[in-house]
2 protein chains.
Amino acid sequence: MLKTKDGIPKLTITRLAIYYNALKKMLEDGEDVCLSIDVGKRTGINPSLIRKDLSYFGGFGTKGVGYKVEFLMEWIGEILGYNTVWNTVVVGMGIPLLSINCYQNLLPPSFRIVAVVDTNEQNHGVFLPELGLTIEPVQNLESEVRNKQARIGVVAVLPEKAQSVTNQLVIAGVTGIANFTQVQVVVPDNIALTQINTGSLLSQLSYDLVRPMPALRSIV
Amino acid sequence: MLKTKDGIPKLTITRLAIYYNALKKMLEDGEDVCLSIDVGKRTGINPSLIRKDLSYFGGFGTKGVGYKVEFLMEWIGEILGYNTVWNTVVVGMGIPLLSINCYQNLLPPSFRIVAVVDTNEQNHGVFLPELGLTIEPVQNLESEVRNKQARIGVVAVLPEKAQSVTNQLVIAGVTGIANFTQVQVVVPDNIALTQINTGSLLSQLSYDLVRPMPALRSIV
DNA sequence: TAGATTGTTAATCGATTAACAATC
DNA sequence: TAGATTGTTAATCGATTAACAATC
């Protein structure tokens, strides 16, 4: 399995985000202190693994007592970069992905969408009320990245345009790419890249349904 | 890592979907025959792993020669259940998720959306031209599942409603659930479940960006 | 036949789990 | 102090990779 440059498993990072959401829920439920076993119940993740994941970053709990919910949540947020805001330019799929923005937590709190650009002319000029942004032509990509000082580019165009849009984003100066298309894109070594392949994940469901005996649950 | 009920790793299934997309591309590019190393180049996956994944389901290639692209693609499609159409009811997030439908391959070819239901009153009655469907109140959930004989339910509501919507879908008779919320939902053992946690995957990007040295690429 | 690549087995590597010492 | 749970180490488990025999 892949690791981050600092030797911490990628899966640890994705789970940290899951713990964060669980802790937020706990806080809303008025829980001040929690045990690893409590987080395990909410997330379906083995308490031992939870403690292991946390231990990569330090000791956040108290032996014999547990974790202070708010304290742990804030630390995980710090680790995940949630306390820094990253200006984000979205390319393509104007309306869809982005109304997503109204639904809390589909994007991490650190993503602030500052421009939406689309290759499809029909969408140009469309106003997105939730974002307070108007969809612009793809020609504006570079100027938008520069003017708005965007650090993240979301690639959500048709697969055949994924690589060229990625290149444009990198040239314009983003340092991270989230690729929602189903093709692999290549970026320089100093650019962070996350591939999100929804179709591939949903195929698990299709696979399970076509088997005589539907399979057990899967957690991603 | 989790496995399907038949002992095949979940990750093998998600990769199969990735191979399928690569093969489709190859076919469009006019390639008749390919090697595991070719698929590897397109997907970034080790050829050895590709052959291993395929071997769970049989021998689809010819030693010394390679694979017939179309033949292999059709077989993978068969394995993944792409040749069966599953009627799908989407709950919540009306407009967003679903315009997604116009973007090929964000949903596997076996998902046919037959109804869209939303808990948000403001969206009721909105017509979705790409789907030819009108967003309905959540009260219609059960009747829609039954009337349209839906087998898949997509849960894309606010987290606090995720479990109750899931329950309603199961009671109404779906056999598979795709959960796009960031909370864990529970289903009976005979119901297939896939959790899609976009926020958790994107947090990898946030994590990488906040480190002094941005990390290497990640593939999901 | 010689060259090549699959399918499969064995070796490696890494991630998860269990167990427990440390300690609140 | 006794009871409890963390943080960490050791054991297990599973997934990936490398190597190669089979064979087109």
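Below, read A as the first sequence line, B as the second, and so on, with proteins coming before strands; counting in each chain starts at 1. Keep in mind it's a predicted model, so treat the numbers as computed, not measured.
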Value in whole Å for how far the P atom of C:dA15 lies from CD1 of A:Ile45:
15 Å
Determine the contact category for A:Thr12: base if any of its heavy atoms lies under 4.0 Å from a base atom, sugar-phosphate if only primed atoms, P, OP1 or OP2 are that close, otherwise nothing.
nothing
Once you round to the nearest 0.5 Å, how far does OH of A:Tyr19 lie from OG of A:Ser36?
9.5 Å
Of all the nucleotides listed (D:dA19, C:dT5, D:dT5), which has the minimum atom distance to the side chain of B:Ser48?
D:dA19
Once you apply the 3.5 Å cut-off to both distances, tell me the Watson-Crick or G-U wobble partner of C:dT23, or none.
D:dA4
Only one of A:Val170, A:Val155, A:Thr166, A:Val165 passes side chain to side chain contact (heavy atoms under 4.5 Å, CB included) with A:Val185; say which it is.
A:Thr166
Could you give the NZ-to-C1' distance, from B:Lys52 to D:dA19, as a whole number of Å?
14 Å
Presence of B:Thr62 side-chain N/O under 4.0 Å of C:dT6 phosphate oxygens OP1/OP2:
no
Among D:dT17, C:dT6, D:dT5, the nucleotide that comes nearest once only the side chain of B:Leu49 is considered
D:dT17
Gap between atoms OH and P, on A:Tyr19 and D:dT6 respectively (whole Å):
13 Å
Euclidean distance, atom NZ of residue B:Lys41 to atom C1' of C:dT5 [Å, nearest integer]
14 Å
Closer to the 5' end of DNA chain C via nearest nucleotide, is it B:Gly61 or A:Tyr56?
B:Gly61
A:Lys63 NZ - C:dT23 P separation (whole Å)
5 Å
Atom CG of B:Leu11 and atom C1' of D:dT17: how far apart are they, to the nearest Å?
15 Å
From the set C:dT6, D:dT17, C:dT17, return the single nucleotide nearest to any side-chain atom of B:Asn46.
D:dT17
Using 0.5 Å steps for rounding, measure from the NZ atom of A:Lys24 to the CD atom of A:Glu70.
13.0 Å
When you check the phosphate oxygens OP1 and OP2 of C:dG7, does a side-chain N or O of B:Tyr67 lie under 4.0 Å from one of them?
yes
Searching all strands shown, indicate the nucleotide that pairs with D:dT12 (Watson-Crick or G-U wobble; both distances under 3.5 Å).
C:dA15
If I take atom CG from residue B:Leu202 and atom CZ from residue A:Phe111, how far apart are they, to the nearest 0.5 angstrom?
4.5 Å
Quick note, B:Ser55 side chain, CB onward, closest among C:dG7, D:dT5, C:dA15 is C:dG7
We want to know whether A:Thr84 and A:Ser110 form a side-chain donor-acceptor pair, criterion being a heavy-atom distance below 3.5 angstrom.
no
Think B:Arg51 has a side-chain N or O under 4.0 angstrom from the OP1 or OP2 of D:dT17?
no
Spacing between B:Ile37 atom CD1 and D:dA18 atom P, to the nearest angstrom
12 Å
To the nearest Å, give me how far apart CG (A:Leu54) and C1' (C:dT16) are.
15 Å
